[in-house]
Amino acid sequence: MRKRSITSEKTEEANIMITPLADVSFTILITLMVLTPVIMLSSKLHVNLPEATTVEPSTEQNISITITSDNEISINNELVTTKQLANILKETIRQNPDNLVLIRSDKELETGTVMNIIALAKKLGARSISIATIQR
């Protein structure tokens, strides 16, 4: 009979493969990251919102102020100087106090210029002021 020594035996090391574990963990993490906003945003209440369309106000009844990028100003398609602006706008608003003051300004124009025109129109008695935009 042959004696066997414990130290002379070859023992295999136990290895745990963590690559599949990491793959599964990352897959679960990505799935949760994608689904969490969907779950959080879904609402239990279902509401049918009303449909609406925007209607462009009639330009015949508006007081139209147009300002170009070169600071040229017109009131109802009549060119005015900066000095004349207050007097003509005051008279126009006095004749039509309920009409909408529609400000059409170039997008390159400084915001301060438009704000000054709005402040002037309010000071002169305009009841409703709107800034024209292009519908998307």
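Computed from heavy atoms alone, side chains included, the values below leave out hydrogens, waters and symmetry copies.
Across K122 and I129, no two heavy atoms sit closer than the pair CG-CD1, 3.5 Å. Of all the heavy atoms in T31 and T27, the pair that sits closest is OG1-O, 2.7 Å.
A distance of 11.0 Å separates CD1 in I30 from OG in S25, rounded to the nearest 0.5 Å. Separating the OG1 atom in T68 from the CG atom in D106 is a distance of 7.0 Å, to the nearest 0.5 Å. The line from CG of L120 to CG of L124 is 4.5 Å long, rounded to the nearest 0.5 Å. Rounded to the nearest 0.5 angstrom, L100 CG and S128 OG are separated by 4.5 Å.
Looking only at side-chain heavy atoms (C-beta outward), V80 and N87 stay at 4.5 Å or farther from each other. Here the side chains of N71 and L109 are in contact, with some heavy-atom distance below 4.5 Å. In this structure, the side chains of I75 and L89 come closer than 4.5 Å at one or more pairs of heavy atoms. V101 is listed as a side-chain neighbour of I65, based on a closest heavy-atom distance under 4.5 Å. Two residues are said to be in side-chain contact when any heavy atoms from C-beta on lie closer than 4.5 Å; E72 and I67 fail this criterion.
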What verdict does the side-chain contact (heavy atoms from CB on, under 4.5 Å) test give for I93 and I63, after you've listed the backbone C-alpha separation in whole Å, the side-chain angles of each residue and the deciding distance to 0.1 Å?
CA-CA 8 Å; I93 291 174; I63 300 170; 4.0 Å; yes
For the pair I118 and I103, evaluate side-chain contact (heavy atoms from CB on, under 4.5 Å) and give the outcome as yes or no after the intermediate values.
CA-CA 8 Å; I118 292 172; I103 299 174; 3.4 Å; yes
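The list of salt bridge (Lys or Arg N to Asp or Glu O under 4.0 Å) pairs with a residue in residues 74-83, not counting sequence neighbours, is empty.
A single hydrophobic cluster is seen to contain both M115 and I117, as judged by linkage of ILVMFWY side chains at heavy-atom distances under 4.5 Å, directly or through other members.
Around CD1 of I18, the count of heavy atoms belonging to other residues, nucleotides or ligands within 6.0 Å does not exceed 12. Applying the 6.0 Å contact sphere to CG of D23 captures more than 12 heavy atoms from other residues, nucleotides or ligands. Counted within 6.0 Å of CD on E110, heavy atoms from surrounding residues, nucleotides or ligands total 12 or fewer; the atom is thus considered open.
In this structure, the side-chain contact (heavy atoms from CB on, under 4.5 Å) partners of R104, at least two apart in sequence or on a different chain, are S64, T66, L102, A132.
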